[in-house]
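This report concerns only the one structure given below.
Just follow the structure's listing: the first ligand is 1, and inside any ligand the first atom is 1. The first residue in the sequence is number 1, and the count goes up from there.
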Amino acid sequence: MRHFAFLLLFVPATLFSQIYKNPKASEDDRANDLLSRMTLEEKIDYIGGYKDFYIRGMARFGLPEIKMTDGPVGTRNYGPTTAYPASILASATWDTTLAYRFGEALGKDARERGVHILLAPGVNIYRSPMNGRNFEYLGEDPFLSGKMASNYIQGVQSQHVVATVKHFAANNQEWDRNNVSSDMDERTLREIYLPAFKMAVQEGKAGAVMNSYNLVNGQHATQNGHLNNDILKGEWQFDGMLMSDWVATYDGVGAASGGLDLEMPSGAFMNRESLLPAIKSGKIPESVIDDKVRRILRIIFRFGFYDNAYVASETKPNAENAQVTLDLARNGIVLLKNDSAILPLKKSIKSIAVIGPNAKQCVAGGGSSYTTPFECVSLLDGITKYDKSISVKYFAGAVPPMEEYITQSPLFISADSKTKGLKAEYFLNQNLSGLPFLKRNEAEINHNWSDATKDEGIPADHFSARYTGTIRPEKTAVYKLAVRGDDGYNLFVDGKTVIDMWADHASTLKTVELSLEAGKTYDVKLEYYENAGDAQIEFAVYHEVIDFTEAEKMAASADVAIVSVGFDNNSEGEGFDRSFELPPYQEELINVVAKANPNTIVVLNAGGNVYMQTWLPHVKGLLHAWFPGQEGGTAVAEILFGKTNPSGKLPASFEKKWEDNPTYNNYHDPDGDKKVFYGEGLNIGYRYFDRAAVKPEFPFGFGLSYTTFAYSNLKITGSGTTFTVTFNIKNTGEIAGAESAQVYVHQNVSPVERPFKELKGFAKVFLKAGESKTVSVTLDANAFSYFKTEKNAFGYDAGKFNVLVGASSEDIRLEETIQVK
Ligand code: BGC
């Protein structure tokens, strides 16, 4: 009896004290309560990821495993899903409502897969066209990026899925991304590279942030206290969790003190081994670990992950989300050139030649965002389906795949041997040291080890190989020596280095041309190492003659030729930077077609600009389709035939030549010291072209329409630092269309140098033919502020500001001066 009474008293008291279980308690109380029940060891384990894409569960507290998936253009990790357009295309829509719908659709896809955290959006600034991940980001302008990102985040999070804004910070190139330091002055960091993150956190309320691989001003992002503790968690008051990029942590104690909350994909550095002694010795207070766990738990309670089970359901094609991808593509594809109003195609057109390597693909950028769609409309599908009465012919016009060249390579294991291939030696370290553990002859160097251990014990990671032999060319000709590898490789011919790619990177193709003579032999040596992740090495030696006759014939016989070129997931993606020029032979292909048919239109796929001067003057039309997602072919066809009036505008300036880019002398670690000094400062993109003598081919904010718009009646009301800018836009053409109006601000006289103009507002309006609408954009103190280095804070200087309203950064239609007090 006494015993029973004790139980009665005990049970309710326990329940009451388990605040973390009480859905009515505040998220902070719940997090603190649960935290207080965890042992130090449990806490440390908790801040290291688990099973690659999870935060571990804790059965004794009923804490579920927290499941993540990549974004930003599809929930990629758990089988086929909706494949959305590239993020930069979303930015090119200039439509924040669409950005929200994009995020919302992704949030729904995530829920269907039982996912709690989406690893998106990416908001790193477009600094040079070569950055392999520009397509995953939102362009060159911090304000546009920040607005699009915060709307996308709100969309994702409306589905109770956490959005993760990445990659914090200044990860503006892929080349050698683990080792290069992005160095810049504080003002540049604050005004260009951080605002989109700040808006994502403060306006979007992103629940998570992901640190980048690179260093910023000499300190790896994952242990950069200035970025993480002072700015993100201090000044911006971010109360969510800061996770690392996958294998972007380099020092457990450094990361723990430098503000990282969660090491992904596992606690390789932030673990018991490194942290327990540091806590014991007082190097790291336990409260630092508590703060990390509290942040993770707070998000778990905030988003309802504790109280609601997230269960994966059967996934199938989703018509509503397919509609979102189509609407994005319709609005974000940019018409850049339309000579003689070649577009929309005339009703009289009866035959179309579709030529080029991208026409039949579901074209997308490569890397961790690459998404396998349930179904996809290629450009060729889109055009073929659009109007069945038109005859559509197709020719790929592509170079043969690398495999063919590998097989035909004139490689022999020695100068006088008949055995084809090379001698291979494999080492159980990354630098070819000591004795090889495996020696064999290989007829072809063509390895993509998804499971290397099945290949005579070659480990999955951390090994190296040397391949040696002879090239015996059959002809006297210019030969190409092409190596594709993930990670590093070097190629030597007759003892001389001809390719040096000895650094960690994703699959990257490098080609060198050499004049070789028939009858001679050339010693060849290829060295390769694999660090972690995918392992690949391919080598081909070939003499190539590309035959364009078929493309020429087909183009000549059609009313219109559409050339589908650009990059794809093999040539543009995460882990490597791409060329500014189009991939090999595409410029030639465009020119051959354009010569055969004056009505040639190029449809381009890329995450940004490409070199156009050698072919642009020869074609009548150019449509920048970015990577348009699974419905891209439908959207492009609608634009070509005029069912959709294009309304996308460039979120980045398109320079004529790479030399015209302000980062030309300081992109990529120019002198090999692993430092990239952002010497152009604030002057990237239009901020640079506004001051420079050179002009871009296509300016920031530019895009053509099939109709015309007139701007009028600018009125600015308000006082102090709060103003409302209103103006009218009229569709003065014959058909309905949409216009993205841009509001830039410029201070006339300033104690410091300020950009000539800065985007501070924008609006997209849909107008029927002849229709007119009043657009209204508000400006607040942020619009007039800059980072005052001496005060370590943003502030403004009262005075006169010009407000410029334009159809692009170089097409200002209305202007007025206001007095900011
Ligand atoms: C990428 C991240 C991605 C992560 C997980 C990394 O390689 O940089 O953007 O979220 O992998 O796949």
Subject >> contact_flag Arg133 ligand 1 heavy-atom lt 4.0 Å >> reply: yes
**OP:** For the pair Glu680 (side chain) and Asn666 (backbone), establish whether a donor and an acceptor sit closer than 3.5 Å, ignoring hydrogens and angles.
**Re:** no
**OP:** Can you pull out the closest protein heavy atom to atom 5 (C) of ligand 1? Residue, atom name and distance to 0.1 Å, please.
**Re:** Asp70 OD2, 3.1 Å
**OP:** Taking all heavy atoms of Glu136 and all of Pro72, pick out the closest pair and write down the distance.
**Re:** OE1-CD, 3.2 Å
Original post:
How about Tyr100 and Tyr152: are their ring centres within less than 6.0 Å of each other?
Top reply: no
**OP:** Using a strict 4.0 Å cut-off to heavy atoms of Phe53, name the atoms of ligand 1 that fall inside it.
**Re:** 5 (C), 12 (O)
Subject >> Shortest protein contact, atom 7 (O) of ligand 1 (heavy atom only) >> reply: Glu574 OE2, 2.5 Å
Original post:
Any heavy atom of Met210 sitting closer than 4.0 Å to ligand 1?
Top reply: yes
Original post:
Between Phe53 and Trp246, does a ring-ring contact (aromatic ring centres under 6.0 Å, His included) hold up when you go through it step by step?
Top reply: CA-CA 9 Å; Phe53 280 87; Trp246 270 231; 5.1 Å; yes
Subject >> Aromatic ring proximity Tyr306/Phe301, centre distance under 6.0 Å >> reply: yes
Subject >> Contact summary for Ile117 and Val115, nearest pair of heavy atoms >> reply: O-CG1, 3.4 Å
**OP:** Report the part of Lys166 in contact with ligand 1, treating N, CA, C, O as backbone and CB onward as side chain, heavy atoms under 4.0 Å; options are side chain, backbone, both, neither.
**Re:** side chain
Original post:
Is it true that Arg177 lies under 4.0 Å from ligand 1, counting heavy atoms only?
Top reply: yes
Original post:
salt bridge (Lys or Arg N to Asp or Glu O under 4.0 Å): which pairs involve residues 260-269, sequence neighbours left out?
Top reply: Lys233-Asp261
Original post:
With atoms numbered from 1 as shown, which atoms in ligand 1 lie under 4.0 angstrom from a non-hydrogen atom of Leu119?
Top reply: 10 (O)
Original post:
Would you call His167 a ligand 1 contact, heavy-atom distance under 4.0 Å?
Top reply: yes
Subject >> Heavy atom of the protein closest to atom 4 (C) of ligand 1 (residue, atom name, distance) >> reply: Asp245 OD1, 3.4 Å
